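On a predicted model such as this, the values are computed, not experimentally measured, just so you know. Residue numbering restarts at 1 for every chain, and letters A, B, ... go by the order of the sequence lines.
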Protein chains: 2
Amino acid sequence: MRQQKRERHGKILAALGLASNLRVTDLARQLGVSTETIRRDFDELTHAGMLNRTYGGAVSSLGASNTTGAKQDLFHAERQRIAEATVTQVADARILLIGSGATTVRVAQQIAAQLKNITVVTHAFGVAQALANNGTIEVMMIPGLYHPEEASTTGGHAIVFLQSLYVDYVILGASGLTGDGPGSAVPEIAAVNAAMLGRAEKCIVTADRSAFNLHYATRYADWPRVSKLVTDAQPPPALLNTLRKSQVELLVV
Amino acid sequence: MRQQKRERHGKILAALGLASNLRVTDLARQLGVSTETIRRDFDELTHAGMLNRTYGGAVSSLGASNTTGAKQDLFHAERQRIAEATVTQVADARILLIGSGATTVRVAQQIAAQLKNITVVTHAFGVAQALANNGTIEVMMIPGLYHPEEASTTGGHAIVFLQSLYVDYVILGASGLTGDGPGSAVPEIAAVNAAMLGRAEKCIVTADRSAFNLHYATRYADWPRVSKLVTDAQPPPALLNTLRKSQVELLVV
DNA sequence: ACTAAATTGTTGAAATTTCAACAATTGCAT
DNA sequence: ATGCAATTGTTGAAATTTCAACAATTTAGT
């Protein structure tokens with residue numbers, strides 16, 4: 001009967017692929033064994049790191065939680081400081097645009113906590129949901145093709161929509177910062193960022209130190225068009241020089 | 001106090017991003033409210049299609065379809081049957097519109113599992129995220145004001161955007177089905193639904209039996225404009241009669 | 001066939017969750 | 001301020017799960 005156990009474990013894992021969460025009782029009936037057997041199976045599979053227990057059941061440990069989890073934690077504290085500093089820069093805003101990325105979502109959470117009675121236009125799902133907490137903020141979603149990895153809308157519809165806007169500030173993230181300008185690893189996002197850039201009085205770029213000197217094909221702006229750069233470490237000398245020449249206000253937190 | 005509720009819902013959603021599964025008890029202690037409050041929050045967020053209940057907790061609905069939990073979500077199995085039946089009705093579609101609600105999110109999950117190379121236009125975050133995994137489906141988000149409780153876009157921008165579309169099918173949910181027509185509990189959603197209705201060759205309404213004879217102020221359609229109704233139980237006689245007179249094709253699964 | 005070990009089932013009590021009904025509180029409009 | 005509606009808290013009983021202990025069954029090796 002040793003083999004039946006392996007078979008069962010395989011079935012359990014397969015079932016987890018179909019259903020995000022399983023219940024001890026259902027699985028016992030489904031596989032024709034007692035609930036205690038399933039419970040013991042869960043224990044073993046949990047120990048092997050294949051699933052996580054819930055009260056009465058189990059969920060896959062391969063869920064969406066760990067996709068970006070580790071990466072986000074890496075600069076968690078830094079992003080928090082960047083977000084807090086960025087919010088102080090837009091305290092007088094009445095309407096603003098916010099781009100996509102881990103840092104901008106953090107900024108949105110800070111805005112939700114500190115500002116009131118403003119309007120935010122965004123193409124990032126995470127930003128919209130972060131701002132929804134605050135009942136006094138109106139959130140406008142930009143149309144477009146949904147981009148799963150960035151959880152944002154992109155494409156022509158997004159860019160056309162932006163043409164009819166003009167706001168106080170635009171807050172953008174960046175995965176790369178070079179002498180040429182800020183860039184994004186995702187071309188579709190870069191295109192939307194570029195379109196956003198022209199639609200605001202002032203442009204604030206936020207990025208942590210990991211973006212320094214990272215070069216991506218899709219640069220979305222020239223430095224002279226950027227008003228402020230908020231980051232968590234002193235940029236390398238060459239970049240620093242370009243920033244000064246381009247009159248970009250630098251904020252290191 | 002309405003604001004605290006939205007805040008909590010946002011925190012719950014955020015917590016789901018960190019931990020793939022949450023427990024009612026933990027969340028209650030963490031947010032400093034009673035377990036019953038969390039339970040009610042879960043109910044509402046489930047209705048919006050943002051999460052799935054487990055015994056004692058909840059998991060993100062972004063995973064896959066959930067074949068368990070008859071008692072957890074009272075109409076879980078029914079919704080699954082409705083979703084499966086609905087997909088068979090649109091198997092020949094090349095482009096379709098999908099509305100918001102727990103049932104339509106489930107339909108989207110089924111579509112992601114079964115259809116390929118189609119375009120879906122939606123205003124519901126949950127629908128977009130459900131379809132994202134299937135690499136062959138193009139998802140277009142409708143612009144508009146973000147509505148936290150329904151996790152959908154609404155308002156004038158959404159309705160104007162819809163005017164430029166014409167698709168094969170539109171799939172809508174309904175919180176109430178009366179002799180007058182299908183209705184939504186949320187006026188903003190009803191307005192978008194009404195706008196969607198005119199932009200498709202055929203209109204399919206999906207609703208579980210709990211919607212029968214529920215009357216809301218915001219009816220979004222007359223029955224003659226509905227092509228099919230997919231539900232899980234025989235409607236009451238009066239409604240049945242109206243459906244027949246209005247030539248609504250009825251599908252009970 | 002026999003034994004020892006592993007696996008699985010059974011049972012009842014304890015812990016936890018759910019559910020419904022009702023009370024208390026809060027927010028908002030008149 | 002007053003009243004109404006929405007939100008939240010409280011309570012106790014019912015349903016469900018967990019846990020530990022023990023019994024029954026199956027497997028593997030000799």
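If you check D/dT10, D/dT16, C/dT17 against the side chain of B/S34, the one that comes closest is D/dT10.
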Listing time: all N or O pairs from protein to nucleotides 19-21 of chain D that are below 3.5 Å?
residue, atom, partner, partner atom, Å
D/dC19, N4, A/E36, OE2, 3.3

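When all heavy atoms of A/I142 and A/T153 are compared, the closest pair comes out as O-OG1, 3.0 Å. Minimum interatomic distance between B/L243 and B/P235 (heavy atoms only, all atoms of both residues): CD1-CG, 4.2 Å. Shortest non-hydrogen contact noted between B/S100 and B/H123 is N-NE2, 3.5 Å.
Relative ring orientation between A/Y146 and A/F125 is described as tilted, the plane-to-plane angle lying within the 30° to 60° band.
For B/D222, the salt bridge (Lys or Arg N to Asp or Glu O under 4.0 Å) partners at least two apart in sequence or on another chain are B/R219. Checked against salt bridge (Lys or Arg N to Asp or Glu O under 4.0 Å), B/E44 has the following partners two or more places apart in sequence or in another chain: B/K5. For the side chain to side chain contact (heavy atoms under 4.5 Å, CB included) test, residues two or more places apart in sequence or in another chain that qualify with A/I118 are A/I111, A/L115, A/V120, A/I137. Scored by the salt bridge (Lys or Arg N to Asp or Glu O under 4.0 Å) test, B/R29 finds B/D26 as partners (sequence neighbours excluded).
Remark: P of D/dT16 and CG of A/L22 are 19 Å apart, rounded to the nearest angstrom. As a whole-Å value, the separation of A/R23 CZ from D/dT16 C1' is 8 Å. Distance, A/D41 CG to C/dG9 P: 10 Å, rounded to whole Å.
Taken residue by residue, residues 24-32 of chain B places heavy atoms nearer than 4.0 Å to DNA chain C at B/V24, B/T25.
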